[in-house]
Amino acid sequence: MIRASLLLLPVLFAACDGEPPAHLRVAGGDPARGRAVALEYGCGACHVIPGVRGAVSWAGPPLTEWARRGYLAGHLPNSPENLIAWLRDPQAIAPGSAMPNLGLSEAEARDTAAYLFTLGAGRVPQVPAGLPLGPKEAGPREEPRIRPRA
Ligand code: HEC
């Protein structure tokens with residue numbers, strides 16, 4: 001029984017990934033190759049990246065459900081162009097950041113961006129990258145009620 005439900009886990013996770021909406025699609029990027037690039041360059045030494053073997057480090061921010069992220073490095077709208085620029089030269093965008101320049105080629109950065117934008121793509125709210133979400137767009141999340149003590 002337990003084993004049967006474990007078998008379902010990848011299916012459940014896969015349901016959140018897939019084809020990103022138009023504004024997050026990376027022209028000419030190959031997600032399968034991007035995943036291989038992330039493994040090869042050791043991104044997992046600093047990041048949690050679903051689907052990349054051994055990418056379980058919390059030294060940097062987790063890249064789970066990346067397609068849902070509004071901002072990149074805290075200030076750039078999370079668009080394909082900005083992500084590619086970041087992957088090629090993070091130090092130009094955030095000088096002194098703990099993320100080093102890893103020397104990705106333009107093609108490698110494109111492929112990696114294409115892979116990251118598949119993560120959580122099935123759950124992207126329908127607002128353009130970088131715009132703040134409206135009150136009801138982030139899903140149900142009621143303010144917790146604070147009950148006065150009796
Ligand atoms: C030595 C550790 C390290 C390595 C290796 C590394 N990163 Fe990072 N990465 C970081 C840190 C730290 C940040 C946060 C930087 C900031 O916001 O200034 C970051 C930020 C990012 C961001 C933006 C995250 C956000 O929440 O804004 C992405 C995307 C990213 N890294 C992808 C990658 C990819 C892909 C690779 C491999 C090609 C990689 N990183 C390799 C440390 C690393």
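Order of listing sets the numbers, starting from 1, for every ligand and every atom in it.
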Expected rows: ligand 1 N/O, protein N/O, dist below 3.5 Å:
from, atom 1, to, atom 2, distance (Å)
ligand 1, 7 (N), H47, NE2, 2.8
ligand 1, 9 (N), H47, NE2, 2.8
ligand 1, 18 (O), S97, OG, 3.2
ligand 1, 26 (O), R69, NH1, 2.8
ligand 1, 27 (O), A73, N, 2.6
ligand 1, 31 (N), H47, NE2, 2.8
ligand 1, 40 (N), H47, NE2, 2.8

#### Entry: Donor-acceptor under 3.5 Å (N78 side chain, W66 main chain)
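Yes, N78 side chain to W66 backbone: donor-acceptor pair under 3.5 Å.
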
Taking every non-hydrogen atom, the tightest pair across [X] and [Y]:
X	Y	value
L24	A67	CD1-O, 3.4 Å
R68	R123	NE-O, 3.4 Å
A38	I49	CB-CD1, 4.5 Å

### Task
Flag yes if V37 and L102 sit in one hydrophobic cluster, no otherwise; membership is Ile, Leu, Val, Met, Phe, Trp, Tyr, and two members link when side-chain heavy atoms are under 4.5 Å apart.
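Per the 4.5 Å side-chain linkage, V37 and L102 are co-clustered.
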
#### Entry: R69 with E65: basic N within carboxylate O range, under 4.0 Å
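No salt bridge links R69 with E65.
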
